[in-house]
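Within every chain, numbering begins at 1; the chains are lettered A, B, ... in the order of the sequence lines, protein sequences first and strands thereafter.
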Number of protein chains: 2
Amino acid sequence: MTLKLDKVNRGPHLSTLVASSISREIAQGRLKPGDQLPTEQALATTFGVSRNVVREAIARLRSEGRIWSQQGRGAFVTDANNPTVLTIDYEALQRADSFRSLFELRGILEVQAAALAARRRSEADLAAMGEALAGMRAAPYGSVAWLRSDLEFHRTVAEATRNSYMGQFLVFVSERVRESILAAGNQQKSDDMARITLGEHERIFAAIRNGDVEGAQAAMRDHLAGAALRVGLHDGEAAEVAVPAKEVASPVRHSRLRKAVRARAGG
Amino acid sequence: MTLKLDKVNRGPHLSTLVASSISREIAQGRLKPGDQLPTEQALATTFGVSRNVVREAIARLRSEGRIWSQQGRGAFVTDANNPTVLTIDYEALQRADSFRSLFELRGILEVQAAALAARRRSEADLAAMGEALAGMRAAPYGSVAWLRSDLEFHRTVAEATRNSYMGQFLVFVSERVRESILAAGNQQKSDDMARITLGEHERIFAAIRNGDVEGAQAAMRDHLAGAALRVGLHDGEAAEVAVPAKEVASPVRHSRLRKAVRARAGG
DNA sequence: CTTGTAGTGTTATCATACAACCCTGATTAA
DNA sequence: TTAATCAGGGTTGTATGATAACACTACAAG
């Protein structure tokens, strides 16, 4: 039987929680550019953690360019709110809700990419897709070669959109998703899956080849729904991502973190 | 006259130096994927710093996805070594085709964000959107206040998707687009435009409020089509554009760590 | 008005201790 | 023999306190 082990999802480090919390304060505007953060000591007591943890969190935010600090003065929110680089926090992805969000974003990009590809694909694109499919057929399901061909197929679809940024973003997001899946490592393989997955890809390919925009979207959507199941997400696109945002305007919102901390300490 | 003094470039933090040094070991292959790093204590003594500094460095590398650590075992070099940051070359955006591509990507994200928002928005979201709209009504078209409210509206829509990555990506893309538009500076203002633009936003808002998914998508699509016209793009959805984007990696350069550490130790 | 100086608050770093956890190997029970 | 249990050492995660380096302010002295 298959053992549906819940990935021992040990909560991320405290410093991660603190960093996320501060990040959120900034993102939601409660900390504006130029504002000075509370002192490390103050943050430590508010969060109920040691100053050391706060420092690790700040070190991360600093490296991400979100804040900037100077000895003897304090830490400040970076003025330029237009980061020139986009990063995805690796640890945050270990959390199920984050993973689901990224998976959803990937889905949106893939589906629309399929639509664009159906409109704009060239003969060369189709040839490349066919080659990738052949690679998948030849390799055993789940093998390195199989994964490479899988990735290659999606890459060629992205390329067929004739939108370079689409490709860039898609590859970026997909890589993060793939990493996270591999890290979890809770995927079972079977011959059935190989057949099913291959079929999904072939339908996408056929629709794109025929210039069938809606068909390509639908096929890609099916593929992603299947992929979601295969990695243990009970189909996305429902409302389970929707955390009831009962956020009341409060000066600072750390109560959840505190609770998390308590829970860790208690358990 | 003005003195033009060079900003006193105080050396970076020790944790930064340590992180860079470890990073370089990885980049240059002396630490291969899967390898275990020396213990924090060992690193501390070799670098001549406290374990605390080493931990801050490791926290950064961990958040960048370069290494991965587990309590009781140790820290290891991450398997995947692909880029963890996404950058958009500013100069490339000056080219019309690149700009069009990014605009198209933004459109895809915005339209799907509107759809998700229509499904998941909370009362608080609606209130925030309404506030942003009020801000737009109050400010003169094209003014700083107007732009801020405009941005704020789109941000609240992104937030209402309950998908944090959606917001991150959208803000990132929109900022690049906005910069590019401002740089071009070829936009004319008129009262008509104010009225039209405001109307577009209000239709988006109404659809999201009513939970009308298709309506929200359509309204957002209209809005973007209008925006495209206003910035001089003859409606998107054309088929010309290709071009590989320039990928930029950021090498890090420092041979100073050891020296700096020595200096500290010696002095 | 300028300069020196003490005082206070903050970050940067160090040092130490303990808790939580993994791994290994010995010991014990079946 | 085999499996389970337990003890010990090693490692990371967190807490705590202390010290050094630096920025800012106020005030006194010139």
Side-chain angles (χ1 to χ4, degrees), chain A residues 7-22 34-63 66-78 90-91 94 257-258 260-267, chain B residues 7-22 34-63 66-78 257 260-267:
Chain A
K7 176 95 343 225
V8 194
N9 203 356
R10 191 192 344 285
H13 299 158
L14 284 183
S15 58
T16 305
L17 294 178
V18 171
S20 309
S21 185
I22 296 178
D35 278 3
Q36 178 167 10
L37 273 75
T39 69
E40 294 180 350
Q41 188 56 54
L43 286 173
T45 59
T46 348
F47 286 126
V49 301
S50 84
R51 205 186 132 213
N52 227 319
V53 169
V54 172
R55 280 194 58 78
E56 284 184 20
I58 288 186
R60 284 180 39 164
L61 295 176
R62 203 170 35 215
S63 86
R66 289 192 146 85
I67 71 175
W68 144 90
S69 67
Q70 186 179 1
Q71 178 172 143
R73 289 229 297 157
F76 305 83
V77 179
T78 309
Y90 187 77
E91 289 182 60
Q94 304 309 106
L257 173 56
R258 273 263 197 56
V261 171
R262 295 265 165 67
R264 276 174 63 85
Chain B
K7 196 101 356 214
V8 193
N9 199 1
R10 191 188 348 281
H13 300 157
L14 285 183
S15 59
T16 305
L17 296 177
V18 171
S20 303
S21 184
I22 297 177
D35 280 2
Q36 177 166 10
L37 274 75
T39 70
E40 295 179 351
Q41 188 55 56
L43 287 173
T45 58
T46 41
F47 285 128
V49 300
S50 83
R51 199 186 139 209
N52 228 319
V53 169
V54 172
R55 279 194 59 79
E56 282 185 20
I58 288 186
R60 280 180 45 162
L61 296 176
R62 200 170 38 214
S63 85
R66 291 194 147 83
I67 71 174
W68 151 91
S69 68
Q70 187 178 1
Q71 180 173 138
R73 287 230 298 157
F76 306 83
V77 179
T78 309
L257 173 56
V261 171
R262 295 264 166 67
R264 279 178 61 86

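- OP1 and OP2 of C/dC21 both lie 4.0 Å or more from every side-chain N or O belonging to B/Gln70.
- The distance between atom CH2 of B/Trp68 and atom P of D/dG13, rounded to the nearest whole Å, is 11 Å.
- Distances shown here put a side-chain N or O of A/Ser69 below 4.0 Å from the OP1 or OP2 atom of C/dA12.
- The separation between B/Leu37 atom CG and D/dG13 atom P is 12 Å, rounded to whole Å.
- Which of D/dG13, C/dT13, D/dT14 sits closest to the side chain of B/His13 comes down to C/dT13.
- When rounded to the nearest whole Å, the span between CG of A/Leu43 and P of C/dT10 equals 11 Å.
- The heavy-atom pair separating B/Gly34 from B/Phe76 by the smallest distance is O-CD2, 3.8 Å.
- Rounded to an integer number of Å, the gap from CD of A/Glu40 to P of D/dG17 is 16 Å.
- Considering every non-hydrogen atom in both A/Ile58 and A/Ile67, the closest pair reads CG2-CD1, 3.6 Å.
- Taking the side chain to side chain donor-acceptor pair (under 3.5 Å) definition, one finds that A/Ser15 meets it with nothing, sequence neighbours left out.
- Looking at residues two or more places apart in sequence or on another chain, you find a side chain to side chain donor-acceptor pair (under 3.5 Å) between B/Ser69 and B/Arg62.
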Quick test: give all pairs of protein nitrogen or oxygen and nucleotides 15-17 of chain C nitrogen or oxygen below 3.5 Å, distance rounded to 0.1 Å.
from, atom 1, to, atom 2, distance (Å)
C/dA15, N6, B/Asn52, ND2, 3.3

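- Each of B/Ser15 and B/Gly72 lies near DNA chain C, and the nucleotide nearest B/Ser15 is the one positioned closer to the 5' end.
- You'll find that the side chain of A/Gln71 is closest to D/dC22, out of C/dC21, D/dC22, C/dT13.
- The shortest distance between the side-chain N/O atoms of B/Arg55 and the OP1/OP2 oxygens of D/dG13 is below 4.0 Å.
- The residue among A/Val53 and A/Arg73 whose nearest nucleotide of DNA chain D is located toward the 5' end is A/Val53.
- For B/Ser50, the side-chain contact (heavy atoms from CB on, under 4.5 Å) partners two or more places apart in sequence, or in a different chain, are B/Asn52, B/Val53.
- Residues passing the side chain to side chain donor-acceptor pair (under 3.5 Å) test with B/Arg60 are B/Thr16, sequence neighbours excluded.
- With sequence neighbours excluded, the residues satisfying side-chain contact (heavy atoms from CB on, under 4.5 Å) with B/Arg51 are B/Glu40, B/Gln41, B/Ala44, B/Arg55.
- Atom-to-atom, CG of B/Leu14 to P of C/dT11 comes out at 17 Å; the value is rounded to the nearest Å.
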